[in-house]
**Student:** 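Input: one structure, supplied below.
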2 protein chains.
Amino acid sequence: MARSWLDIDPSSDFSLANIPFGIISTPNDSSPHVGIAIGTYVLDLKVLALQIGPENLLPSGGASSLAVFAQPTLNAFAQLGRSVHRHVRGRIQDLLSEDTTHPDLLKNNAELRERALVPQQSVQMHLPMAIGDYTDFYAGYHHAYAVGVMFRGPENALQPNYTHLPVGYHGRASSIVVSGTPVRRPVGQILQDPKADPKRPTVAPTQRLDIELELGCFISKSNPLGQPVGIDEAEEHVFGYVLLNDWSARDIQAWEYVPLGPFNGKNFATTISPWVVLADALEPFRTKGIENPTPVQEYLKEKREATVYDIHLEVDLTTPEGNTTTVAKTSGKNLMWSFPQMIAHHTLGGCPLRPGDLLGSGTISGPVPEQSGSLLELSEGGKRQFQLNGGNETRTFLKDGDTVTLRGFCVGKAGGRVGFGECTGRVQG
Amino acid sequence: MARSWLDIDPSSDFSLANIPFGIISTPNDSSPHVGIAIGTYVLDLKVLALQIGPENLLPSGGASSLAVFAQPTLNAFAQLGRSVHRHVRGRIQDLLSEDTTHPDLLKNNAELRERALVPQQSVQMHLPMAIGDYTDFYAGYHHAYAVGVMFRGPENALQPNYTHLPVGYHGRASSIVVSGTPVRRPVGQILQDPKADPKRPTVAPTQRLDIELELGCFISKSNPLGQPVGIDEAEEHVFGYVLLNDWSARDIQAWEYVPLGPFNGKNFATTISPWVVLADALEPFRTKGIENPTPVQEYLKEKREATVYDIHLEVDLTTPEGNTTTVAKTSGKNLMWSFPQMIAHHTLGGCPLRPGDLLGSGTISGPVPEQSGSLLELSEGGKRQFQLNGGNETRTFLKDGDTVTLRGFCVGKAGGRVGFGECTGRVQG
Ligand SMILES: [Ca+2]
Ligand SMILES: [Ca+2]
Ligand SMILES: [Mg+2]
Ligand SMILES: [Mg+2]
Ligand code: NI
């Protein structure tokens with residue numbers, strides 16, 4: 001990867017190899033619009049596009065217009081399709097390169113640099129897309145297995161369908177929030193004593209507030225009602241990826257979820273990171289997922305073996321006093337189902353996906369407790385207090401004032417780190 | 001109720017007592033906009049509003065503008081709130097009354113009548129609202145009980161939570177279609193032999209295609225993230241009601257639904273009737289629902305007893321040859337939970353509802369087979385062939401070419417029928 005004329009720290013998630021897209025508002029322009037992250041800056045694409053013109057950013061001859069960069073969501077840009085995303089990302093990489101082919105446009109244009117490059121601290125981030133529907137899958141094998149053991153024992157840990165299809169359910173789109181939004185501890189119906197007869201639920205704030213470390217996948221291209229997306233076309237329907245924290249109230253969920261699945265235990269908040277890492281930026285980090293012992297149906301068979309991404313994933317917990325502990329480290333490769341498989345399955349019966357729809361991977365855990373993507377696993381179902389740094393603090397589930405921060409990044413061979421930035425939220429009582 | 005100067009058949013769903021709102025396009029105006037149904041006509045509100053001006057339609061001094069009637073969805077009108085819906089409905093009832101206070105505006109204005117009153121056959125109906133999120137509940141007690149008996153026997157028919165909270169799950173918004181849209185028989189993973197070990201699912205078109213007769217409730221007023229809607233305020237958040245057919249593929253659903261709930265078995269299509277019957281229009285038809293033997297939590301307690309509606313509901317099945325049988329008749333009073341209770345529960349943990357969000361009641365069945373809101377019940381789990389009119393035709397589940405039509409109406413004491421029109425869909429192979 002080329003070097004940039006900008007000074008980019010090697011530890012930055014936002015190297016020249018990345019170029020993630022987001023929705024920003026800036027000190028000079030309070031209406032949300034499109035930008036990309038580079039080092040400690042945001043490059044304002046609304047400003048840039050107006051100045052340098054479509055011919056220097058968009059493919060020639062296409063129907064796409066610069067207006068997509070002035071939109072308050074990325075939906076219009078996403079809809080232009082993967083070849084346009086690739087072209088625009090390539091043009092931006094060129095403009096920001098030490099040896100750019102057009103130094104006059106930005107590198108040597110002090111006036112435009114001043115207006116278009118905004119320090120990230122002064123930028124406000126918004127939800128990147130208008131999300132029509134949100135689907136959460138359950139593709140993290142180790143999480144599904146560990147939780148299954150807790151509830152049903154090792155013999156029946158996984159349901160019989162688990163290795164045959166990517167299990168998923170419909171989530172709530174209206175409560176998806178961007179990183180930094182406070183998360184209110186939800187009140188709900190809770191069965192304090194599951195063995196009592198008759199059952200006596202109470203209404204109270206959840207006592208088992210948890211997180212779920214997931215990857216989110218944004219859809220770019222729609223399929224019409226009744227027309228499935230074939231597994232080999234599925235990647236053309238992907239816009240890009242974010243980190244996703246599927247906040248979960250385990251006690252509310254346990255009482256409500258039979259027979260139709262999670263509801264209020266999940267729909268109070270889902271936090272996503274603000275920068276959408278384009279599918280192309282993750283290509284170099286492909287790897288094999290968890291081997292599936294079951295031969296899968298034809299519609300789920302992929303041509304290549306490396307169908308998931310080797311993304312380093314971390315969960316930080318910061319106490320109200322400000323002590324931060326990295327409570328888990330895992331990897332994006334701990335998935336048994338890939339996003340193309342999820343897309344092929346989701347649309348098998350003709351369900352339409354639309355630009356801006358969001359798919360969650362399911363909780364991503366490794367095989368050992370320190371690699372848990374949820375506190376349910378870290379605390380062994382709430383039975384084990386796990387230790388935090390700095391004193392004698394421990395946790396099973398989250399306390400008011402706790403902040404959870406997810407991080408994710410890939411490290412390229414020649415540097416060129418591709419990361420997601422932070423996905424963070426603080427619990428309010 | 002006053003008489004109209006229009007000739008309205010007493011059997012019409014669209015009497016002067018109704019005035020349901022929908023999204024229409026007409027021979028003169030192909031861009032979708034707002035109309036109401038009256039007798040065999042549609043009154044085009046975009047045309048009417050422009051002609052008679054805001055003072056004759058909208059409350060004075062409000063912030064609302066006539067532009068809401070030119071919108072392609074009812075979301076903007078719904079957001080104006082229940083007092084505005086009431087005012088506009090009242091104004092339209094006056095304009096259409098024999099003894100209107102303003103005969104000059106419409107009754108005696110032949111030129112405007114000609115332009116604004118369009119025969120329903122020449123009007124195309126569209127989805128009435130942009131639906132952000134769709135939630136399906138399970139409040140039809142007899143359906144939940146009958147299906148529970150089938151799967152778990154009479155002892156454990158209802159899960160322990162059933163009488164404590166309105167069980168619900170998140171549905172799929174992108175596949176909601178307006179009445180008349182063909183429904184493709186979905187392909188999916190099916191376990192032909194549930195007893196085989198190991199399990200051998202196949203991929204095939206569903207062989208157990210079913211319907212679910214439900215009422216749908218559209219939300220008008222949003223609640224912010226983190227702020228529940230109290231049960232006494234919930235009615236102010238309701239815009240109105242439609243009929244809803246939650247098409248279901250029982251074999252796909254049975255294999256996929258553990259542990260996270262229905263997915264592809266439900267997300268291929270949900271049909272709604274095009275006309276939104278305003279909450280006010282149903283007020284005269286309030287009645288008591290199914291008695292709940294369990295004392296409910298404070299947040300679910302309603303002040304009045306009559307919390308549901310006495311709506312006559314019918315399911316017609318028309319064969320490919322054109323023979324129609326009314327296979328079931330039931331009533332909207334067969335609900336154990338009311339829509340205000342569903343809203344209070346849905347938002348208890350802070351989940352935001354937004355204008356245009358849709359809530360389904362769950363399948364509405366009566367206590368006997370001829371009152372079944374699903375073929376699963378009518379056919380006793382697929383074991384009984386039920387008879388159709390006209391020859392020797394029978395069914396368990398739906399055949400290709402079958403058309404299912406839901407109808408719903410209330411009959412007022414002094415005439416003044418308030419109905420939903422049709423909610424229909426034909427199965428395509
Ligand atoms: Ca999850
Ligand atoms: Ca249903
Ligand atoms: Mg969530
Ligand atoms: Mg449905
Ligand atoms: Ni050039």
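Chain naming here is simple, since letters A, B, ... match the order of the sequence lines and numbering starts at 1 in each. None of these values were measured; they are calculated from a predicted model.
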**Student:** Under a 4.5 Å heavy-atom cutoff, which of B:Pro262, B:Gly350, B:Gly226, B:Pro205 has the most pairs with chain A?
**Tutor:** B:Pro262

**Student:** We want to know whether A:Tyr299 and B:Gln189 form a side-chain donor-acceptor pair, criterion being a heavy-atom distance below 3.5 angstrom.
**Tutor:** yes

**Student:** Under a 4.5 Å heavy-atom cut-off, does chain B meet the side chain of A:Leu300, its backbone, both or neither?
**Tutor:** side chain

**Student:** Spell out, as yes or no, whether a donor-acceptor pair under 3.5 Å connects the side chain of A:Glu256 to the backbone of B:Leu165.
**Tutor:** no

**Student:** Which atom names give the shortest non-hydrogen contact between A:Ala173 and B:Asp133, and what distance separates them?
**Tutor:** N-OD1, 3.0 Å

**Student:** Got a donor-acceptor contact below 3.5 angstrom from the A:Asn161 side chain to the B:Val258 backbone?
**Tutor:** yes

**Student:** Can you label the angle between the A:Phe263 ring and the B:Phe137 ring as parallel, tilted or perpendicular, going by 30° and 60°?
**Tutor:** perpendicular

**Student:** Using only atom types and a distance under 3.5 Å, with no angle test, would you say the side chain of B:Ser174 pairs donor to acceptor with the backbone of A:Leu353?
**Tutor:** no

**Student:** Side-chain contact, heavy-atom cut-off 4.5 Å: A:Leu225 with B:Ser175?
**Tutor:** yes

**Student:** Where does B:Phe151 contact chain A at under 4.5 Å (heavy atoms): side chain, backbone, both or neither?
**Tutor:** neither

**Student:** Which bit of B:Val177 is near chain A, if near means a heavy-atom gap under 4.5 Å: side chain, backbone, both or neither?
**Tutor:** side chain

**Student:** Answer yes or no: is there a side-chain heavy-atom contact under 4.5 Å between B:Asn267 and A:His170?
**Tutor:** yes

**Student:** Using a cut-off of under 4.5 Å on heavy-atom pairs, state which of B:His164, B:Lys199, B:Arg184 scores highest against chain A.
**Tutor:** B:His164

**Student:** So for B:Asp357, is it side chain, backbone, both, or neither that comes closer than 4.5 Å to the heavy atoms of chain A?
**Tutor:** side chain

**Student:** In Å and rounded to the nearest 0.5 Å, what is the CG to OG1 distance from B:Leu260 to A:Thr135?
**Tutor:** 12.0 Å

**Student:** Checking heavy atoms, do the side chain of B:Leu348, its backbone, both or neither come under 4.5 Å from chain A?
**Tutor:** both

**Student:** For chain A, find which of B:His345, B:His346, B:Arg354, B:Gln428 contributes the most heavy-atom pairs closer than 4.5 angstrom.
**Tutor:** B:His346

**Student:** Is the backbone N or O of A:Pro352 less than 3.5 Å from a side-chain atom of B:Arg172, with the two atoms forming a donor-acceptor pair by type?
**Tutor:** yes

**Student:** With a 4.5 angstrom heavy-atom cut-off, is it the side chain or the backbone of B:Asn264 that approaches chain A, or both, or neither?
**Tutor:** side chain

